[in-house]
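Presented below is the structure to which this report refers.
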Amino acid sequence: MTRLLSGIVLLALFGSAAWWAPPAWLLVIAVAVAALATIEYCGLARALAAPVPVVPAVVGSGALCVAAAWPGVAAAPVMMAVVIVAGLLLVAGGDPSPATLSRAAAAAFGPAYVGLPLGALIGVRWEHGREAMLLPFLVVIISDTAQYYAGRTMGRRPLAPRLSPKKTLEGAVGGLVAGSAALVVLGHWWWPEAPVALRAVLGATLVVLGIAGDLFESMLKRAAGVKDSSSLIPGHGGVLDRIDALLFVVPVYAVVLRVYPHVS
């Protein structure tokens, strides 16, 4: 019941903000979400013996989020700055250990992993409107719901038992069908310029990417020996647990919109 109630509250809050809030306010929310998710990522990195300084990581994640969202701003220089700062922090530490490269990689990866996709999502809202921003969210939500119920009713074969024992191949197929259909149907009103075949293929691609994003974060948590990235959201774990699928979905979706940009 706790999971259901908190899920309803989260969905209502997000839906209201996504539909009514202007892009600049949504960017503020995205930066806050990026900060919380990055803090959780730093906790996982610390458990994996690749500690990441929290404050620089949060600043880098927020900067990349803004750079990816704001029209006309190039994210590449900000990403290069994040890499340089990660290196400088290690140099300042003065400890040439065998873990130096993994620590540098973890420090640069976290802000990019979290900040860039969240910023790209707000960039979609800024350039293409609220419907365009909501499409990948709805595909992920519908797919996740279908995966859960298809897995419970028909699930027999594990999808990735070492990463997420509860995920099943049958559940993934159910999510694939539901998510693809969702984008095709919603696209009939919101994205009529895109061919049906493109919407179907993109829907299937986003579902697969969402599952991969979920499994990737599950891999981090399993390696770190934790069930959730945090206990911030009752019944749902942490912020990173809630956005892990979108972090893989949004970049591809944003690129596709550059080819077929008009979403009405």
Side-chain angles (χ1 to χ4, degrees), residues 14 17-18 21-46 48 50-93 100-130 132-133 136-137 206 209-210 212-213 216-217 220 229 238-240 242-259 261:
F14 165 75
W25 281 105
L26 288 174
L27 179 56
V28 172
I29 295 172
V31 169
V33 171
L36 293 171
T38 302
I39 292 171
E40 294 173 355
Y41 168 84
C42 290
L44 295 176
R46 185 167 55 252
L48 291 170
V52 174
V54 175
V55 173
V58 169
V59 172
S61 184
L64 284 172
C65 185
V66 173
W70 207 279
V73 176
V78 182
M79 186 66 240
M80 288 186 280
V82 168
V83 173
I84 291 170
V85 169
L88 290 174
L89 289 172
L90 286 172
V91 170
T100 296
L101 184 58
S102 61
R103 291 175 63 187
F109 176 74
Y113 170 52
V114 174
L116 285 175
L118 290 176
L121 183 66
I122 305 304
V124 167
R125 168 67 176 87
W126 222 307
E127 296 183 27
H128 305 290
R130 58 192 179 188
M133 187 185 72
F137 267 104
L206 297 186
L209 288 169
F216 176 74
E217 201 234 351
L220 294 180
S229 59
V239 173
L240 197 56
R242 291 298 86 210
I243 65 171
D244 53 5
L246 282 169
L247 297 180
F248 276 34
V249 164
V250 171
V252 172
Y253 176 73
V255 169
V256 171
L257 280 188
R258 292 186 177 273
V259 180

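These figures come from a predicted structure and were not determined experimentally.
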State, to 0.1 Å, how close A50 and S102 come at their nearest heavy-atom pair, and which atoms those are. CB-O, 4.2 Å
Let me confirm one number: the CG-CD distance from L257 to E127, rounded to the nearest 0.5 Å. 9.0 Å
Classify the angle between the aromatic ring planes of F216 and Y113 as parallel (below 30°), tilted (30 to 60°) or perpendicular (above 60°). perpendicular
Taken to the nearest 0.5 Å, the spacing of I122 CD1 from L27 CG works out to 6.5 Å
Around W70, counting heavy atoms of other residues, nucleotides and ligands shown, do more than 12 lie under 6.0 Å from its CH2? no
Using 0.5 Å steps for rounding, measure from the CG atom of L48 to the CZ atom of R46. 10.5 Å
Of all heavy-atom pairs between A75 and A67, which one has the smallest distance, and what is that distance? CA-CB, 3.9 Å
Going by atom type alone, with no hydrogens or angles, which donor-acceptor pairs under 3.5 Å involve a side-chain atom of residues 33-44 and a protein atom two or more places apart or on another chain?
unit_1: T38; atom_1: OG1; unit_2: A34; atom_2: O; d: 2.6
unit_1: T38; atom_1: OG1; unit_2: S61; atom_2: OG; d: 3.0
unit_1: E40; atom_1: OE1; unit_2: S229; atom_2: OG; d: 2.9
unit_1: E40; atom_1: OE1; unit_2: V239; atom_2: N; d: 3.1
unit_1: E40; atom_1: OE1; unit_2: L240; atom_2: N; d: 2.7
unit_1: E40; atom_1: OE2; unit_2: S230; atom_2: OG; d: 2.7
unit_1: E40; atom_1: OE2; unit_2: V239; atom_2: N; d: 2.9
unit_1: Y41; atom_1: OH; unit_2: A106; atom_2: O; d: 2.8

Does V59 have any side-chain contact (heavy atoms from CB on, under 4.5 Å) partners at least two apart in sequence or in another chain, and if so, which? V55
By side-chain contact (heavy atoms from CB on, under 4.5 Å), A104 pairs with (sequence neighbours left out) L90
Residue pairs meeting side-chain hydrogen bond (donor to acceptor under 3.5 Å, both in side chains), one or both in residues 77-86, sequence neighbours left out, come to none
How about V66 and V73: do any of their side-chain heavy atoms sit closer than 4.5 Å? no
What residues, two or more places apart in sequence or in another chain, satisfy side-chain contact (heavy atoms from CB on, under 4.5 Å) together with F137? F14, L121, L246
Between Y253 and F248, does the ring centre distance come in under 6.0 Å? no
Roughly how far, to the nearest 0.5 Å, is CG of L118 from CD1 of I243? 4.5 Å
Give the minimum heavy-atom separation between A112 and M79, together with the two atoms involved. CB-SD, 3.7 Å
Just how far is it from atom CE of M133 to atom CG of L26, taken to the nearest 0.5 Å? 5.0 Å
I'd like to check M80 versus V83 (side-chain heavy atoms, cut-off strictly below 4.5 Å). Are they in contact? no
Taking side-chain contact (heavy atoms from CB on, under 4.5 Å) as the definition, give me every residue that meets it alongside L89, ordered by chain and number, with sequence neighbours left out. P53, P56, V85
